[in-house]
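A quick write-up on the structure given underneath.
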Amino acid sequence: MKPSEARKTLRCAVLSVVKHAYLPRGVASHPRFELVVVADDPSMPDWVHERNQLFADEYNIPYVPNIEQAIRDYDVAVAVVSSEAERHCELSVRAADAGLHVVQDKPMSTRLSECDRLVAAVEKNRVKFLMWNRNFLPAVVQARETIESGAIGRPYAYHIDFYFSKDAGPPKGSRKPGDPPINWLERQIEAHADGSDGGVGRDPMGELEIEGVYPLAYLRWLTGVEVERVFARTTAHFHQANVDNDVDDLATVTLEMEHDLLGTLCIGRIGAASHPDIGEIKMHVLGSQGALVISEARPEVSVYYKNQPPTEFRNHRVAVDNDYLLMENFAQAIDNDGDTILDARTGRAICRTVQAAVESGRLGRPVEVD
Amino acid sequence: MIRLALIGCCGPIETYAELASRLQNATFVAVADSDRDQARRGAEMLRAPISAGGLDELLNQHADAFDAAVVHTASDTASADSRSAADGGKHLLVESPLAPSLEMADSLIESCAAANVRLMVGQASRFVPAVQTVKSSLESGKLGVPGLLRIHRWESLKTDPAEELQQRAVREIDLANWLFGRPPTDVYAAARTVSSSPHDGPDYVQIHLGFPEGGMAMIDESATISGDEDYFSLSMIGSTGAACADDHRNMQLLYGGGRPAALKTGQGSLHLLAQLQEFVSAIEESREPAIRGADGRLALQVAAAVVESMNTGRAVRRTGERYEAV
């Protein structure tokens, strides 16, 4: 690549931004990436267009309710996909087929067939794909460096706790006789107000499906191996919306991996009362010569004051450079024709692990991960 | 005053000696061990007037001198000792596991019932202050319906990893049963042998339990940590709150050149005193102790299901009073 081509600004089209907008904001945090247009399909409901327009206004860029037109007219090289989960792969495939590199929000999809389409489109069109993740958080980087230094010897077991201490509507058991079940999409639209709408869409999703990619991405990055078999327990323990839509808000997964590695995942949306901050996120790793306990939130600063609202986090994460580092990783993959830290194939493997865990939770027995 | 005899010097005798003066309405009057010298030294530590070369000798020569036995013999003799003590009309505190098999556990429970003596299973983990705090938070309703229990316990390899694995697994299984208040419905387990040791058997196990109403527990036990410091973390998430008893939070830092070291601020030995006191109180008050023979039997039963799951790679489900592979 010519020096003039390396480090050039990459123009980005934001394809739908109906959720909490951390993804396009994260992309914009890197000087190589410029958001130039927001786009979506014209057939989308009004609330989608409204949110897209709001984001476009915030960044002083146009909103075009026609994706293919926006791609043509705005000379974009990158698509930033932050739609409802059920449209993630469809939009990413269209972007890849238009020759765009893609940054996509999690989850990759709830359907493996969609993941397969996306993998095929990315590879056929030789574009780069990055699924958003948290692997560059300082504590996660420290965990990897410590393990790679050999400080704990040969790792043999990885345990990850990933809890979001957030409410998700009325508590379990609150629906009165005769009341209709909670509509998933309506609940998620309401949840946009406090940024808890990671599951926005028509299709209900449990926590394993919504957030499972984050801890499983940690695991993948720390181990470099695939999950072969899972045994899971899943339940709707906290929220009426999850009960009514038969999706989990609490799950435990035993993970059996290549090279005889073992692991466990505990994940849930456990309610705002259950942690002073966003939730407990920890890693425990055992090795032949030692062990490691990592709190993913650190470094953090505690702030307490008179009349502090009970829902305000007491501990604040600081020195978080995850957004920039992810986009730098993406930029380098583009510049050097390399791999991103979480590419389409790895995303597909994580999706399959999640699906296997959901299936195991329903069946009550272990499930092989193909 | 309840007169206690310590049977076997395998347990924390030095700690008992420190705590003995704090016991209310009880005192150690005898120590019995197959090693007569060890029994004598133990009696001196506990200021007990009687030492004997084993339980049989103690029962033959001093049967009227004690009311209750605290059994800390090696596992291969503990069961026989417990039976003998029960048949001799002595109340029993038997260190977990209750017996090497369910059949022997049933036999011991029956013997104690027939002799009308109290049987308490020693599970000192229940009495650790941090664990008691989690339990009381549950019992008060603050945490709501228990949902997810996570336990990490990492210790150094001491003797026989296979035997220790059973003891360790029973200990954590008992905690899970106690905190959920009922038997697990589903069991899945996996294990590994990590250390190169002359013994057979895994030194790492992870246990995945399902409980009624969607409850679940994830336990990992490791015997691969070197040194004398262990690590323990227990967190319980309920429908309306969560509690966490975690060594990670209780670490201090020591800067002595190079990387700082982590020092754990421990919880002392009061859990052992609390356990002994509960045993004494149950005898005095003619009631069931906090940890009954049935609790010890259930922990053994679930541990057997863990071993079956480990060995077969299958989940094991409770059907009636039994566990069967699915």
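Within every chain, numbering begins at 1; the chains are lettered A, B, ... in the order of the sequence lines, protein sequences first and strands thereafter.
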Which bit of B:Thr240 is near chain A, if near means a heavy-atom gap under 4.5 Å: side chain, backbone, both or neither?
-> backbone
Residue selection (most heavy-atom pairs with chain B, distance under 4.5 Å) from A:Asp249, A:Thr235, A:Leu262 | A:Leu262
Which atoms of B:Ala191 come close to chain A, meaning under 4.5 Å heavy atom to heavy atom: side chain ones, backbone ones, both, or neither?
-> backbone
Chain A: which of B:Glu213, B:His208, B:His248, B:Met216 shares the most heavy-atom pairs with it under 4.5 Å?
-> B:His208
Among A:Leu208, A:Asp161, A:Thr254, find the residue that satisfies the side chain to side chain contact (heavy atoms under 4.5 Å, CB included) test when tested with A:Leu265.
-> A:Leu208
Max heavy-atom pairs within cutoff under 4.5 Å with chain B, candidates A:Lys282, A:Arg365, A:His239, goes to A:Lys282
For the residue pair B:His152 and B:Tyr231, does the interplanar ring angle fall in the parallel (under 30°), tilted (30 to 60°) or perpendicular (over 60°) class?
-> tilted
Measure across A:Ile294 and A:Ala143 and return the closest heavy-atom pair with its distance rounded to 0.1 Å.
-> CG1-CB, 4.0 Å
Anything under 30° is parallel, anything over 60° is perpendicular, the rest tilted; go ahead and classify B:Tyr204 against A:His159.
-> tilted
By side-chain hydrogen bond (donor to acceptor under 3.5 Å, both in side chains), A:Tyr218 pairs with (sequence neighbours left out) A:Arg134, A:Glu296
Quick one: pull up CD in B:Glu95 and CD in B:Gln123 and give me the separation to the nearest 0.5 Å.
-> 7.0 Å
Going by atom types only, do A:Asp203 and A:Trp184 share a side-chain donor-acceptor pair under 3.5 Å?
-> no
With a 4.5 Å cut-off on heavy-atom pairs, point out which of B:Ala243, B:Gly238, B:Ser235, B:Ala189 contacts chain A the most.
-> B:Gly238
A:Arg229 and A:Glu368: salt bridge (charged side-chain N to carboxylate O under 4.0 Å, His left out), yes or no, with the steps?
-> CA-CA 4 Å; A:Arg229 194 170 190 247; A:Glu368 305 288 330; 3.0 Å; yes
Looking at A:Ile270, A:Asp248, A:Asp260, which makes the most heavy-atom pairs under 4.5 Å with chain B?
-> A:Asp260
B:Arg259 portion near chain A, given a 4.5 angstrom heavy-atom threshold = neither
Comparing A:Tyr163, A:Phe238, A:Phe231 against chain B, the one with the most heavy-atom pairs below 4.5 Å turns out to be A:Phe231
Could you tell me which residues in residues 304-326 of chain B have at least one non-hydrogen atom under 4.5 Å from a non-hydrogen atom of chain A, sorted by residue number?
-> B:Gly313, B:Ala315, B:Arg317, B:Val326
